[in-house]
Each structure stands twice: as C-alpha cells, then as structure tokens.
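Atoms considered below: every heavy atom in the structure, side chains included; atoms not considered: hydrogens, waters and symmetry mates. Keep in mind that this is a model prediction, so the values were computed, not measured. Quick note on labels: first sequence line is chain A, next is B, and so on, each numbered from 1.
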Number of protein chains: 2
Amino acid sequence: MIDKLIARLNGLHPMSEALTERIRSMVWITDHPKKTILLKEGEVNNHICMVASGLVRSYYINEGKEITSRFMDEGFIITSWISFYTRKPGNEFIETLEDTTLTCVHYNDIQKLYEEFPEFNIIGRKQVEYSFYMAELRTRMLRKNTAEEKYKFFLENHPNLLQRVSLKHVATYLGMNEETLSRVRSQYHKTH
Amino acid sequence: MIDKLIARLNGLHPMSEALTERIRSMVWITDHPKKTILLKEGEVNNHICMVASGLVRSYYINEGKEITSRFMDEGFIITSWISFYTRKPGNEFIETLEDTTLTCVHYNDIQKLYEEFPEFNIIGRKQVEYSFYMAELRTRMLRKNTAEEKYKFFLENHPNLLQRVSLKHVATYLGMNEETLSRVRSQYHKTH
DNA sequence: TTAACTGCTTGACAATTGTCAAGACATTTC
DNA sequence: GAAATGTCTTGACAATTGTCAAGCAGTTAA
C-alpha cells in the first residue's frame, strides 16, 4: 500500500533513497468501512491522506443541505484544503462511500519533509499544482449554464463514477437537486 | 516596481541575495492601457505576471457568451492556470480593465529558478497553495443557491471591486445575467 | 416474513432566472 | 456638438429549476 504512495510521489519527481525511507517511516495506513466520517465540520484537517483503494466524498452544509464538493477515488488526495492550508477549523465533512484504505502523513511531518529535504518542495509544489488544475476543471463545470451541460460534463470527466455514487450526491455536486438530475438524465439518455 | 514583486516573494519565504538578484535579472515590466488583450484564446500562457498596479480580468467563451472567471488587482498573479500548467493552448482571454503595470517572468525562467535554487520551490509551492486556496473560495461562491447569496458573497469578498468593474462583468462572474444582477441589487439594497 | 428505509422517478405547481425589448443616462468618438 | 456606443434599469413573458408529494423497486433490519 505504501508503495503506491511512493510510486505516485516518484512520478512527480524522482526521490532519493533517504527521502523515500524518511517518508516510509512517517506514513501510516488505515482502513475504514463504508459510511465512516473521516473529518467533521469544525475540525482542523491535520493530515494528508491518499486513497489507496475505495471511494470518498467531501461535503459541507449550506442552508441546512449537504453540498458535495468532491469525489475522491484511488490515487487522489483527500484533504479539506481550506482547513489544511489555513490551519483553522473548516466546515467540510469527509466520509467514505465504499470500504476505503488510506495512506496518511501528518501535517507536522510534511513540514519536516519540506525542511529536511528541500527537493521535497518540488513534489509538494507539483502535487498542489495538479490539485489546483483539477479544481479549476471542476469549477468550469459549475459555470455551465444548464443542468444538462453540467450532467454532460460529469459524464465526460467521471464516466466510471456514476456506477459507484448515488445520484443524490451527484446532484448536489452538480449544483442541482435530485429531481432535476433525474429528469435531465431521462431526457438526455433518450436522445443520446 | 520590481521591488513589489521581490517583497511579495520574500513574504512567502525569505530569499537569499543570490536568488533575489537572479530574479531581478529575469523580471521585466510592461505597461498596458485599459482594454488591452494580454492573452487570447488558443495561446499558450508562457509567463507569470503579477499586477503591480491596475486591474485585469480573465474570461472565456461559453455558448457564444463571455464568462468572467476572475478579477485580478494589485498583488495578484494573472495566469491562465490551466494553460500554464498543461503547456497547451488554453481557452481563456485576459484583458486589462484599467491602465495596468505588470511584472513578468517567463515560464522557462521559472523552471530555471526551480532547478538552480531548490528553495525557490518553497516559494512556488506556497504561491500555488495560496492561489488554490483563493480559487476554492471562489468556487464556494458558485455553489451558492440563489443569485442574492452570490451577490452577497461578492460584496463581502470584493467590497472594493464593485466601484471598478462594470456590472456586466460581475454578472457573468457570478453566473447570472446582467438583468438578474440588476434586479438582485435593487432588491438587496432596499433591505440592507 | 414483515416492516422500515433508501434510491430513484414522476407529476403538479411555484419560484427563480433568462430572454427580448425598450429607454434613460453617461461616455466616447469623430 | 452630434452621433454612436456603452452601462444600467425596467417590463412582459418564457424557460428552467426547485418544492412538495406520492409511488415503486430493491435493500436492510428486526
């Protein structure tokens, strides 16, 4: 499991043996059954975890309703970025949608890595660049005008996710309600 | 003008004299009158520029209409991130809304800095982290349900911008049309 | 097995937002 | 200065989306 994480980091920038070993000593693995809350609103997100296997979603409450902000499957980093970055309690929840295995590193350990291995900043930079890039793509979806365009965008960008996620969550992710998504789908799949 | 940029980078992480001098040798300053197109759809964004003074917006075309994606005033980085990151032609335009002075560094020079000064990766990482954080806040706005909530969010987060930007652009930024924004404003300011 | 619950769909209707058109006013251009 | 252009507003109406309610199939729990 740790090897997956190491491989991913090496893919961003080749790491020295010393750095690799240091990371190995810091990483821990955790298993969580489906429907486990990993982070609650009001908590500070103190570690960065990668999904080794499984599926996770993050969401927050707006006007009393859950708004799904992101789905994270294998290889993706699950972190409530605003909280992790600001070091303050965030308002995001993170929960598992399937049985999930995570590989995690503590915030303090990440900072140590940045200090002890300057080249780890290259990896940190590239990872944040990638996360930012993905976030920009998601934002593009939210700027689509119609429910159908949003659904189409989702189909194109997450073709595999539809089988694993309930439509209720997809709907709030796309910024519409469950019923609208249902209608858009039936309309869309008639003509495509 | 360059001092502003240097000060900003020092604020992210103190830089050595050598790094500072290297950066000074790479930066150039450009002035652009109001309504200048700085980047066109289909071009690769090959440099990172900071607004030293003035105001800029980025936008793209969706279904034939301009969608404003961001406003950037003093101290902010103007870069079409998706294009800069992927090194491919993007679909964003960038234009000045006021007479603007920019301090710019070329993509290749940035990469040289990353290689020659490993500690520059700390600055790069922190800058991207900050940009990402700001982008996440903007995304939160897009997930607001009603036009009024979006307008309120804009008022709270960019209180000074409303005097400098035409409402047409604010409207597309908020994901609504001009008329709706106008109505929301008249409604909102009656009761607040 | 029955009961409760979840996920998804559909219908009727309400609320919100978009579209098209027009006009007032300010600003720019020639 | 006159004309053209741009900004903002308002009205009437259309389209889209949300809300509330109900129902059905499949799953879970007792």
Side-chain angles (χ1 to χ4, degrees), chain A residues 33-37 55 57 59 61-68 71 95-99 141-155 158 161-192, chain B residues 33-37 55 57 59 61-68 71 93 95-99 141-155 161-192:
Chain A
K34 195 173 169 172
K35 292 187 182 175
T36 307
I37 302 281
L55 181 61
R57 79 168 177 128
Y59 64 96
I61 312 282
N62 182 265
E63 310 265 313
K65 290 181 181 171
E66 288 185 10
I67 307 292
T68 299
F71 298 108
E95 75 164 0
T96 57
L97 297 178
E98 299 175 356
D99 296 349
M141 178 277 289
L142 289 176
R143 289 189 194 276
K144 297 285 183 188
N145 286 322
T146 65
E148 182 175 325
E149 280 184 277
K150 290 177 185 172
Y151 177 63
K152 200 177 159 193
F153 187 98
F154 186 82
L155 275 184
H158 310 282
L161 229 53
L162 217 50
Q163 282 75 43
R164 302 167 71 188
V165 175
S166 75
L167 292 180
K168 178 176 64 176
H169 295 330
V170 175
T172 67
Y173 177 74
L174 297 179
M176 64 189 72
N177 62 21
E178 211 181 333
E179 296 93 329
T180 299
L181 176 59
S182 181
R183 285 183 245 267
V184 163
R185 273 164 55 83
S186 73
Q187 189 58 37
Y188 184 84
H189 293 294
K190 250 185 234 167
T191 57
H192 289 80
Chain B
K34 195 173 169 171
K35 290 187 184 177
T36 307
I37 301 281
L55 181 62
R57 80 170 176 125
Y59 64 95
I61 311 284
N62 182 266
E63 311 266 310
K65 290 181 182 172
E66 289 185 8
I67 308 290
T68 299
F71 298 108
F93 295 80
E95 76 165 359
T96 56
L97 297 177
E98 299 175 354
D99 295 350
M141 179 277 290
L142 289 176
R143 288 191 195 276
K144 297 286 182 188
N145 287 321
T146 65
E148 182 176 326
E149 280 183 278
K150 291 178 184 172
Y151 177 62
K152 199 177 159 191
F153 188 98
F154 186 81
L155 276 184
L161 230 54
L162 218 51
Q163 280 77 44
R164 300 167 73 188
V165 175
S166 76
L167 292 181
K168 178 176 63 176
H169 294 330
V170 174
T172 67
Y173 176 73
L174 297 179
M176 64 189 73
N177 62 22
E178 210 180 333
E179 296 93 329
T180 299
L181 177 58
S182 181
R183 284 183 245 266
V184 163
R185 275 163 54 83
S186 73
Q187 191 58 36
Y188 184 84
H189 293 295
K190 249 184 232 166
T191 56
H192 289 80

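- In this structure, CD of A:Gln187 is placed 11 Å from P of D:dT17, rounded to the nearest angstrom.
- Ion pairing between a basic and an acidic side chain is recognised when a charged N comes within 4.0 Å of a carboxylate O; B:Arg57 and B:Glu95 show such pairing.
- Computed from coordinates, the B:Asn62 CG to C:dG18 P distance equals 13 Å when rounded to whole Å.
- In this structure, the CG atom of B:Leu142 is 14 Å from the P atom of C:dT17, given to the nearest Å.
- Positionally, the nearest nucleotide of DNA chain C for A:Leu167 lies more toward the 5' end than for the other of A:Asn145 and A:Leu167.
- Classified by interplanar angle (parallel below 30°, tilted 30° to 60°, perpendicular above 60°), the ring pair A:Phe154/A:His158 is tilted.
- B:Tyr151 places its OH atom 15 Å from the P atom of C:dT17, with the value rounded to the nearest Å.
- Between the NZ atom of B:Lys150 and the P atom of D:dT17 there is a distance of 12 Å, given to the nearest Å.
- Between B:Lys65 and C:dT19, a side-chain N or O to OP1/OP2 separation shorter than 4.0 Å is present.
- Here the side chain of A:Arg183 is nearest to one of C:dT17, D:dA12, D:dT19, namely D:dT19.
- Contact check for A:Leu161 versus A:Val170: no side-chain heavy atoms found under the 4.5 Å cut-off.
- A 4.5 Å side-chain heavy-atom check between B:Thr36 and B:Asp99 finds every atom pair outside the cut-off.
- Closest contact between the side chain of A:Lys168 and the listed nucleotides C:dT10, C:dG7, D:dT7 involves C:dG7.
- A heavy atom closer than 4.0 Å to some atom of DNA chain C occurs in A:Glu178, A:Glu179, A:Ser182, these being the qualifying members of residues 170-182 of chain A.
- Computed from coordinates, the B:His189 NE2 to D:dC8 P distance equals 13 Å when rounded to whole Å.
- Cation-pi geometry between B:Arg143 and A:Tyr173 is met: the NZ or CZ atom falls under 6.0 Å from the ring centre, inside 45° of the normal.
- For A:Thr180 against A:Ala147, the heavy-atom pair with the smallest separation is CG2-CB, 4.0 Å.
- Summarising the geometry, the separation between CG on A:Leu162 and P on C:dG7 is reported as 15 Å, rounded to the nearest angstrom.
- One can place CD of B:Gln163 at 16 Å from C1' of D:dT7, the figure rounded to the nearest angstrom.
- Judged as a salt bridge (charged side-chain N to carboxylate O under 4.0 Å, His left out), and not counting sequence neighbours, A:Glu178 has no contacts.
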